There are 2 protein chains.
Amino acid sequence: MSKISKKIVERLIIYRRCLIRSSVNSNNTHIFSHQLAKKSGASSAQVRRDIMGLGYSGSPAYGYEIKSLVDSIGKFIDPVKREKIAIIGLGNLGKAIVDYFNKQSLEMEIVAAFDTNPEKVNRVLMGCKSYHIKEMKSIIKEYDIQTAILCIPSINAQEVTDELIESGIKGILNYAPINLNVPLNIYVENLDMIAIFEKVSYFARKNNK
Amino acid sequence: MSKISKKIVERLIIYRRCLIRSSVNSNNTHIFSHQLAKKSGASSAQVRRDIMGLGYSGSPAYGYEIKSLVDSIGKFIDPVKREKIAIIGLGNLGKAIVDYFNKQSLEMEIVAAFDTNPEKVNRVLMGCKSYHIKEMKSIIKEYDIQTAILCIPSINAQEVTDELIESGIKGILNYAPINLNVPLNIYVENLDMIAIFEKVSYFARKNNK
DNA sequence: ATAACGTTGTGATAAAATTCACGAGAATAT
DNA sequence: ATATTCTCGTGAATTTTATCACAACGTTAT
């Protein structure tokens, strides 16, 4: 299979969101690259290139058939079975993320949460049970969880990451503002909300000069 | 001034975080590019190039002086005065973001929150007062707020964005999973947590084949 | 002194991402 | 029928981003 870069994967995921929304909101069955471009914020050439990478083909007359394109993207992106996710850290942000994810998402679910605070364990929030972090390794193995959301203070992040990897986790979405050291076969995505906001602030000032 | 791209700005922000942490945790006054690279996840050549773009110079003998480099980055990135931020939407995620931002950040503060739910207005959370959204325009103008965090359902996002722009907002951090249509002089950064997680999930599976 | 070392700053190069631009082909209008 | 008007798919060109690699230079060891 030809190489699909990180950037392309990011956009395919966005395209799918747009396509699904579009098919719900209108009764169009087809969409042109320039329309999808507008909805997704990409350029039309980019849309065509990205979709080309999937091996999917549209028709010059009608554009892309929404339903089958969604399926093609899904076949490429989605796991074979429902994604079970662990979250570590049940502070305000952690709880909000559990709520946010489990409220809307269909193909994935946060099934286990871990924290050190005794008051936060052995509860259930939006279908997600919470455990003490000392049970983390066994629960992750038991449920065969592949991905985790890390939502704890930076100071503990590397230590917990090492344990996650020992538990068999392959991908981490890291909200802690610190670079994690992991082996090459583990995928880490850093989501530093403060850093992202600082960027917004910078370009907000920069743009209107 | 030479052009500093979005990617470079992103990394400079991360470098600064690493530098500050590093100067707190150790009593080193200097750092080499390869050390900062390790801490930040960039390559050492990239670190040197990015810092070169600032016009800052290190010494081949001692590397970069941490304090003055932090200042240089700040002079480049930071607003002249403290950044006042508005947030729209006080759901679980919105509240968690207010808490998260205002707890740790020094150079910026979410000072006003807006919601349509009458139960959520006229309260104070972490120094941030909440108002009904119909007061948004006047409050944003009154406080001279330049940037906003958008944390509301997709369905309302474009409409509220238009109002934000009318109010004088120049930058938006958008948590709603939808592409916003804005004029060229407005900067929007989309932060679609579900999309980002889907990417993690994809590469977690992909990497360990 | 001076040789050996390790780093910075930066031209040059390579790689990756994006855009251009056009042939091919289907639908529609005349 | 034929011309016109769209689009898609994609090779080629361009732009952006990242890496390489090395001269210059201060430090340290001898």
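Sequence lines set the chain letters: A, B, ... in the order given, protein chains first and strands last, and positions in each chain run from 1. When reading the values below, keep in mind they use all heavy atoms of this one structure, side chains included, and skip hydrogens, waters and symmetry mates. Since the structure is predicted, the reported quantities are computational estimates derived from the model, not experimental observations.
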Item to check | Between P of D/dT7 and OH of A/Tyr64, the distance in whole Å | outcome: 12 Å

Checklist outcome for this item: chain A reaches DNA chain C, atoms under 4.0 Å from its heavy atoms, from C/dA17 to C/dA27

Next on the checklist: Using a 4.0 Å heavy-atom cut-off to protein, can you give one letter per nucleotide of nucleotides 16-30 of chain D, 5' to 3': B if the base is in contact, S if only the sugar-phosphate is, - if neither?
Outcome noted: -SSB-B----SS---

Review item, side-chain donor-acceptor pairs of residues 28-38 of chain A, under 3.5 Å, at least two apart:
from, atom 1, to, atom 2, distance (Å)
A/Ser33, OG, A/Arg48, NH1, 3.3
A/Gln35, OE1, A/Phe32, N, 2.7

Item to check | Listed partners of B/Lys39 passing salt bridge (charged side-chain N to carboxylate O under 4.0 Å, His left out), at least two apart | outcome: none

Checklist entry - Excluding sequence neighbours, so at least two apart, what forms side-chain hydrogen bond (donor to acceptor under 3.5 Å, both in side chains) with A/Asn92? => result B/Asp99

Checklist entry - Can you check whether A/Ser57 has a side-chain N or O nearer than 4.0 Å to OP1 or OP2 of D/dC8? => result no

Checklist entry - Of all residues at least two apart in sequence or in a different chain, which pass the side-chain hydrogen bond (donor to acceptor under 3.5 Å, both in side chains) check with B/Asn25? => result none

Checklist entry - Which pairs with one or both residues in residues 158-190 of chain B pass ring pair (Phe, Tyr, Trp, His ring centres under 6.0 Å), sequence neighbours excluded? => result A/Phe203-B/Tyr187

Item to check | Partners meeting side-chain hydrogen bond (donor to acceptor under 3.5 Å, both in side chains) with B/Arg82 (sequence neighbours left out) | outcome: B/Glu109

Item to check | Member of B/Val188, B/Ile87, B/Thr161 meeting the side chain to side chain contact (heavy atoms under 4.5 Å, CB included) criterion with B/Leu150 | outcome: B/Thr161

Next on the checklist: Going by the rule side-chain contact (heavy atoms from CB on, under 4.5 Å), which residues pair with B/Ser154 if we only count those two or more places apart in sequence or in a different chain?
Outcome noted: A/Arg21, B/Ala176, B/Pro177, B/Ile178

Item to check | Non-neighbouring partners of A/Glu159 that pass side-chain contact (heavy atoms from CB on, under 4.5 Å), sequence neighbours left out | outcome: A/Asn156, A/Glu163

Distance-only donor-acceptor hits, side chain of residues 62-70 of chain A, under 3.5 Å, sequence neighbours excluded:
from, atom 1, to, atom 2, distance (Å)
A/Glu65, OE1, A/Ser68, OG, 3.1
A/Ser68, OG, A/Tyr56, OH, 2.6
A/Ser68, OG, A/Glu65, O, 3.3

Checklist outcome for this item: Here the residues of residues 28-40 of chain A within 4.0 Å heavy-atom distance, strictly under, of DNA chain D are A/Phe32, A/Ser33, A/His34

